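So that the names make sense, note that chain A is the first sequence line, chain B the second, and so on, each numbered from 1. Bear in mind the structure is a predicted one, so any value in this text is a computation, not a measurement.
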Protein chains: 2
Amino acid sequence: MARRARMLDVIRQQGFVSIPELRDSLEVSESTIRRDLESLEDSGEARRTHGGVFYTGSVTTVRQFQRGNPNDGAWDKKRAIAFEAAKLVSDHDTVLLDGGSTTYELAKQLVGRPLQIVTNSLPVANLFSASDSVDLVILGGAIHNRTGVTHGPFTDQMLETINVQKAFLSVAGVNEKGFYNSNLLLVETERCMMRSADRTIIVADSTKFGRSSLARMLEWNQVDTLVVDEDLSTLWRDRIDELDTNLILAPLNNSQDTHSNSIS
Amino acid sequence: MARRARMLDVIRQQGFVSIPELRDSLEVSESTIRRDLESLEDSGEARRTHGGVFYTGSVTTVRQFQRGNPNDGAWDKKRAIAFEAAKLVSDHDTVLLDGGSTTYELAKQLVGRPLQIVTNSLPVANLFSASDSVDLVILGGAIHNRTGVTHGPFTDQMLETINVQKAFLSVAGVNEKGFYNSNLLLVETERCMMRSADRTIIVADSTKFGRSSLARMLEWNQVDTLVVDEDLSTLWRDRIDELDTNLILAPLNNSQDTHSNSIS
DNA sequence: CTTATTTTGATCGTTTTTGATCGTAATTCG
DNA sequence: CGAATTACGATCAAAAACGATCAAAATAAG
């Protein structure tokens, strides 16, 4: 029957539909809808509940991606920065990843590559825990609730016996004096990270510039490389030019692959 | 139901949500929220606390535990054991949780309680990472890919400076000589756990008995308490009676009433 | 063209869900 | 430690949704 087919299309597309919605959409009475759903449920293609219907066929995956993260404006910048930062990593490198949304984006881009990853971030660790191409080392310590990263003396102590080739750190603010984060213990841990690394690379989007925060983490001369999106003002570009720090500008509208959020 | 699904999305994304937040977000009364949460808790996808909800469902990376048949008898056993084991934990205790599916179930039951948790298990850490009633400490070290737990010298070293009141360890096998697990490094780490704990509690379902594995972890006299489901044979019950080890039998058909209408 | 059968839409009593209220329990604050 | 505040669960009435029933409309058969 044609009506049943259209009904299934609607259900499949929306995942869940209420009976009034179906009535309006198909222009038949609710009684008819109910009868149709009854047989649709018998054939296993939909599952009724109080208030509507669920689709229970295959291919529900599309909908899950749609409901993922709302796309922020700042998020594009972070992705662009992560894209450039990932180019700095060579296969079989030993890489330290700090917590933070930008480093998390970087981590997503590194999944699947043969690397040794050291991190204090729980979300980052989760990304790699399923992968068998990476050797994953977690820095122990107390979890900072809001951010899901370990920090504190345990973490610092563990960092003392670790050496990595490249450390990617995130920041809450940058000003002419240096780089800032909001938590004192975390900042101390990040200093230890810097000491454990041959190269320290800061990833920061342009909105962070000119803003400071509670605790200064590093000074300019301690940073090897800085990756920022291209919205960085010329004022800051000029300032950085005069320093030893290497500046990498990430182009914003590069043809990023569309399926950015693979939940796997 | 559509509302339940949206609710779970919010909970999953934020880790912890208060009831007023959910009311504003979903635009229904708090009574409805409470009722929904009740059923959500019955189906094990969330854990209620005073003031809100924690997400305890699969965090997309817990696949190793989801593998088993959901109606597997072994799963009920693990849940029953976890239920009894949770009774051994007092508020404000310092508790060490090993990796493993049974300890993971235990962890789910402990979410929201005021505790200090130390763990080497990534899935367990994820459960608590959003909680602010818990002080969470992660044992650093290399991740054992298949199981998502840290182990090795880093972990052992960190354990040396830690003391907990109760350690809950899981095992792969139990025979008359002692307790076994399958990985040598992991077993060494678990020995360190035992040394760090005032009380060592083993959680093991009855199917583990009579089976050994590669590496012996502990001997009988090192274990204070053993929690097993009631399917344990009388042979083993008698044996344990003659030892110093405290045996707790978990009843299988306890209050877990069938939540028939949970549509995912 | 008439009759039988099926499908549809409306009505109605019943069940389920919802939102508000209130007494109790837990948590916070002084 | 006690008071105030907040959160919780139980209860109940209103609202929504459901299934059953029946008559009208559409379709098929004779």
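There is a side-chain donor-acceptor pair under 3.5 Å between S18(A) and E21(A).
No N or O donor and acceptor, one from the side chain of R23(B) and one from the base of dG19(C), sit under 3.5 Å apart. Taking 3.5 Å as the limit, the base of dA10(C) and the side chain of S31(A) contain a donor-acceptor pair of atoms between them.
A side chain to side chain contact (heavy atoms under 4.5 Å, CB included) with D98(B) is found for one member of N120(B), I202(B), T189(B) and no other, namely N120(B).
Between the P atom of dT17(C) and the CG atom of L26(B) lies a distance of 17 Å, rounded to the nearest Å. For the pair R34(B) CZ and dA25(C) P, the computed distance is 16 Å after rounding to whole Å.
Among the atoms of the strands shown, only primed sugar atoms or phosphate atoms (P, OP1, OP2) are found under 4.0 Å from some heavy atom of R48(B). Within the nucleic acid shown, T49(B) comes within 4.0 Å of sugar-phosphate atoms alone, with no base atom in reach, counting heavy atoms only.
The number of heavy atoms from other shown groups lying within 6.0 Å of CG (D244(B)) does not exceed 12.
Taking 4.0 Å as the cutoff to heavy atoms of chain B, we find the contact window on DNA chain D bounded by dA7(D) to dG9(D).
Residue T32(B) places at least one side-chain N or O closer than 4.0 Å to OP1 or OP2 of dG19(C).
Listed for the R237(B) side chain is a donor-acceptor partner under 3.5 Å among the backbone atoms of L232(B).
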